[in-house]
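Please read the structure below before turning to the comments.
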Amino acid sequence: MQLAIRTSAKLNINLSPTPCISSPCYGFLSRHRLHVSKHVTIPQSLGTLLQPLRQNPPSVFSYALIFQYLTAYSNKNLLKLGHQVHAHMVLHGVMPSSFTAAKLVAMYASSGYTQNGFASRALDLFDQMMLENSEVKPNWVTIVSILPACAHSAALDRGKRIHEICRHNGLDSHSSVQTALIGMYAKCGSLADAKQCFDKISPGNRGLVAWNNMITAYASHGRGRECVLAFQDMEASGVQPDAITFTALLSGCSHSGLADVGLSYFYSMKNQYSVVPRLEHYACVVDLLSRVGQLVEAKETIDQMPMQPGPSVWGALLAASHRCRNLQIAEIAAKQLFVLEPENTGNYVLLSNMYAEAGKWEEVNNLRVFLKGHGMRKSPGCSWIEINGNAHLFIGGDTAHPQAREIYKLLEELPEKIKTIGYTPNTSFSLHDISEEEKMLSLTTHSEKLAIAFGILNTRTGQVLRVTKNLRICGDCHTFAKFVSDIYKREIIVRDVNRFHHFQDGFCSCGDFW
DNA sequence: ATAGGGTTAG
């Protein structure tokens with residue numbers, strides 16, 4: 001059978017992390033039945049593809065082909081179908097072979113980033129296959145499929161375990177595996193391990209993606225110098241940079257205040273490196289310019305772009321206006337964004353925050369009424385921390401955790417304790433229409449504070465705390481983390497939607513400018 | 001029998 005695999009149908013990977021919550025995969029799936037025509041519209045050829053499932057019993061091979069097909073198409077609706085086919089396989093007692101296992105993991109992993117829960121499903125599936133059936137061996141494809149799921153959910157311990165599995169199966173010398181490990185370690189907050197994996201690849205085997213992964217790693221951890229040095233090493237080793245290299249390099253420069261360096265790379269990328277700037281590069285430039293206070297120039301750059309500025313570019317301008325506290329330009333950017341991506345509540349929240357900071361309460365109220373009228377709600381912030389391989393998830397004001405009492409007790413004492421060394425709670429980051437007292441309450445129970453407090457309570461002295469948040473870290477929590485890192489002498493690494501913050505001895509690697 | 005590629009802005 002000839003398969004029409006569309007390899008171009010790749011999923012856009014989003015940095016926005018989602019938590020990994022364990023769920024019994026097979027139990028869930030066994031409640032499902034195969035209702036193919038009801039739930040999804042499928043391409044004609046897929047109908048033909050599903051035909052072999054009517055055999056009794058269907059062969060492992062039929063399943064493998066379907067999983068492969070669905071991976072190539074990877075979209076949400078087809079993943080639903082994938083679930084059902086997986087359920088079908090379980091119900092018919094067909095045991096996965098190494099081959100179907102790889103396909104299955106790839107299927108869940110490739111679609112897992114856009115929707116909560118699928119990355120964890122891929123991870124659970126992987127774990128079960130490693131445990132339940134020793135006949136099933138991971139191959140390098142299984143590994144490079146599953147590692148991004150660890151990266152996405154910031155599951156460092158699980159990632160380390162998978163690295164161990166690689167060593168055990170002799171896969172750790174495979175250059176694609178090594179390359180994927182760099183990304184996993186970097187996104188799970190361990191830059192040192194990422195570097196170690198990079199160094200392990202023999203210089204001749206360091207391909208474009210390995211370099212891109214390493215430069216991205218430095219960029220997201222705010223190590224601009226290393227970013228530029230790695231870029232220079234890459235050039236020296238004869239690997240041509242591509243558009244992704246420059247995205248990483250430019251964002252690395254902006255994350256660490258190297259605005260001039262970043263801008264000069266932007267200007268030379270087209271002429272010297274023959275890489276045509278794309279939307280994301282313009283988004284970086286807007287960001288770079290705003291960091292040297294040139295917001296007006298940023299707006300002019302957008303006006304002169306050779307292509308239509310998309311939401312990414314206007315989003316960068318909105319963030320830049322917030323950074324420069326320029327309400328006028330913020331309104332221009334927001335106006336565009338409300339048309340281009342009306343469903344993105346983050347834009348309304350950011351503009352509303354700016355109005356609030358400027359004391360324009362009427363506009364704040366207008367926005368709130370608008371959001372309410374359209375049934376939109378601010379997406380809830382959540383943070384999680386992995387301890388002994390388990391992810392503990394917190395939502396702001398959450399009391400559901402078994403250790404909630406201890407956590408809240410610590411969060412009552414901590415602000416008082418760190419006030420003595422200069423901390424003042426900043427309620428301007430909490431912009432609901434509520435009293436100061438209530439504001440304070442919601443501020444002290446932000447999800448990232450809950451996760452940090454939980455981490456302090458459940459780890460040994462000196463152990464690094466790695467917290468991940470689905471949104472941008474709040475300014476007050478940022479200050480809070482600095483003081484906590486100081487009095488507890490703890491390194492706290494927070495990954496937010498944009499970048500990493502390394503807190504140590506009362507300072508943050510972002511230099512308070514992010 | 002199947003033979004699949006990791007990286008992306010604010």
Side-chain angles (χ1 to χ4, degrees), chain A residues 1 3 5 7 10-16 59-69 71-72 97-100 102-107 109-110 113 139-149 151 174-184 186-187 194 197-198 201 207-217 219-220 241-255 262 266 277-288 290-291 298 309-323 333 337 341 344 346-347 350 471-472 496-499 514:
Chain A
M1 191 189 306
L3 286 184
I5 303 263
T7 44
K10 282 186 76 177
L11 205 71
N12 225 354
I13 293 174
N14 192 337
L15 189 73
S16 168
S59 78
V60 191
F61 182 44
S62 319
Y63 290 108
L65 282 179
I66 294 167
F67 297 142
Q68 173 165 355
Y69 187 98
T71 305
S97 67
S98 294
F99 186 70
T100 41
K103 299 280 187 222
L104 250 183
V105 168
M107 181 184 77
S110 67
Y113 310 112
N139 59 23
W140 69 271
V141 180
T142 324
I143 300 296
V144 298
S145 304
I146 200 63
L147 284 176
H174 194 290
S175 66
S176 298
V177 170
Q178 291 170 320
T179 301
L181 283 168
I182 300 170
M184 181 279 289
K187 289 217 176 70
C197 291
F198 178 80
I201 309 177
L208 176 65
V209 183
W211 283 105
N212 283 355
N213 259 349
M214 200 58 231
I215 296 171
T216 304
S220 63
D242 71 349
I244 293 170
T245 319
F246 279 100
T247 312
L249 180 62
L250 298 182
S251 76
C253 289
S254 74
H255 281 167
F266 174 73
R278 303 197 300 211
L279 282 176
E280 55 269 35
H281 302 110
Y282 283 97
C284 286
V285 167
V286 166
D287 191 73
L288 285 163
S290 77
R291 282 168 199 267
S312 56
V313 178
W314 292 117
L317 188 66
L318 180 60
S321 331
H322 181 232
R323 186 178 293 126
L337 286 166
E341 41 172 33
N344 184 342
N347 298 326
L350 191 49
L471 306 171
R472 225 182 81 127
D496 76 4
V497 67
N498 289 332
R499 59 169 296 159
W514 81 91

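Letters A, B, ... mirror the listed sequences (proteins, then strands); counts begin at 1.
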*Atom CH2 of Trp211(A) and atom P of dG6(B): how far apart are they, to the nearest Å?*
21 Å
*asked:* If I take atom CE in residue Met214(A) and atom P in nucleotide dT8(B), what distance separates them, rounded to the nearest angstrom?
replied: 13 Å
*Just call it for His174(A): base, sugar-phosphate, or nothing, with non-hydrogen atoms closer than 4.0 Å on any strand.*
nothing
*For Ala320(A) and Ser290(A), which heavy atoms make the closest approach, and how far apart are they?*
CB-CB, 3.3 Å
*Just jot down the side chain to side chain contact (heavy atoms under 4.5 Å, CB included) partners of Leu337(A), sequence neighbours excluded, or say none.*
Pro311(A), Trp314(A), Leu318(A), Glu341(A), Asn347(A)
*Distance, rounded to the nearest Å, where Tyr63(A) contributes OH and dG4(B) contributes P*: 24 Å
*In whole angstrom, what separates Leu147(A)'s CG from dG6(B)'s P?*
11 Å
*Could you tell me whether Arg278(A) contacts a base, only the sugar-phosphate backbone, or nothing, with contacts defined as non-hydrogen atoms closer than 4.0 Å?*
base
*Length of the CG-P vector between Leu288(A) and dG10(B), whole Å*: 9 Å
Between the protein and nucleotides 1-3 of chain B, list the N/O to N/O atom pairs that are separated by less than 3.5 angstrom.
none

_Sugar-phosphate only, base, or nothing, as touched by Ala248(A) at under 4.0 Å among non-hydrogen atoms_ = nothing
*Under 4.0 Å between a side-chain N/O of Lys187(A) and OP1 or OP2 of dT8(B), yes or no?*
yes
*Using a cut-off of strictly less than 4.0 Å, decide whether His281(A) has a side-chain nitrogen or oxygen near OP1 or OP2 of dT8(B).*
no
*Residues which pass side chain to side chain contact (heavy atoms under 4.5 Å, CB included) with Asn139(A), listed by chain and number, not counting sequence neighbours*: Ala102(A), Val141(A), Thr142(A)
_Check: Ser220(A) main-chain N/O paired with His255(A) side-chain donor or acceptor under 3.5 Å_ = no
*Grab the CD-C1' distance between Gln178(A) and dG5(B) for me, whole Å please.*
14 Å
*Of the candidate nucleotides dG6(B), dG10(B), dA9(B), which contains the atom at the shortest distance from the side chain of Asn498(A)?*
dG10(B)
*For Ser62(A), which residues count as a side chain to side chain contact (heavy atoms under 4.5 Å, CB included) partner, sequence neighbours excluded?*
Pro52(A), Leu53(A), Ser59(A)
*When you measure from the side chain of Val141(A), which nucleotide among dG10(B), dT7(B), dG4(B) comes out closest?*
dG4(B)
_Regarding dT7(B), can its base be found pairing with the side chain of Asn212(A) as donor and acceptor, where the two atoms are less than 3.5 Å apart?_
yes
*Whole-Å distance between dT8(B) P and Leu208(A) CG?*
12 Å
_From dA9(B), dG10(B), dG4(B), nucleotide with atom closest to Thr247(A) side chain_ = dA9(B)
_Base, sugar-phosphate or nothing for Ala283(A)? Non-hydrogen atoms, less than 4.0 Å._
base
*Which heavy atom of Thr100(A) sits nearest a heavy atom of Ala64(A), and at what distance?*
CG2-CB, 3.5 Å
Output a table of donor-acceptor pairs, distance under 3.5 Å, between side-chain atoms of residues 242-254 of chain A and any protein atom two or more places apart or on a different chain; print 'none' if there are none.
from      : atom 1 : to        : atom 2 : distance (Å)
Asp242(A) : OD1    : Asn212(A) : ND2    : 3.2
Asp242(A) : OD1    : Ile244(A) : N      : 3.1
Asp242(A) : OD1    : Thr245(A) : N      : 3.0
Asp242(A) : OD1    : Thr245(A) : OG1    : 2.8
Thr245(A) : OG1    : Asn212(A) : OD1    : 2.6
Thr245(A) : OG1    : Asp242(A) : N      : 2.9
Thr245(A) : OG1    : Asp242(A) : O      : 3.4
Thr247(A) : OG1    : Ala243(A) : O      : 2.8
Thr247(A) : OG1    : His281(A) : NE2    : 3.2
Ser251(A) : OG     : Thr247(A) : O      : 3.3
Ser251(A) : OG     : Ala248(A) : O      : 3.2
Ser254(A) : OG     : Ser251(A) : O      : 3.1
Ser254(A) : OG     : Asp287(A) : OD2    : 2.9

_ring pair (Phe, Tyr, Trp, His ring centres under 6.0 Å) partners of His174(A), counting only residues at least two apart_ = Trp140(A)
*Whole Å only: how far is the CD1 atom of Ile143(A) from the P atom of dG4(B)?*
17 Å
*asked:* Counting the atoms with a prime plus P, OP1 and OP2 as sugar-phosphate, which does Ser254(A) contact under 4.0 Å by heavy atoms, base, sugar-phosphate, or nothing?
replied: sugar-phosphate
_Nucleotide nearest Thr179(A) when distance is taken to its side chain, options dA9(B), dT7(B), dG6(B)_ = dG6(B)
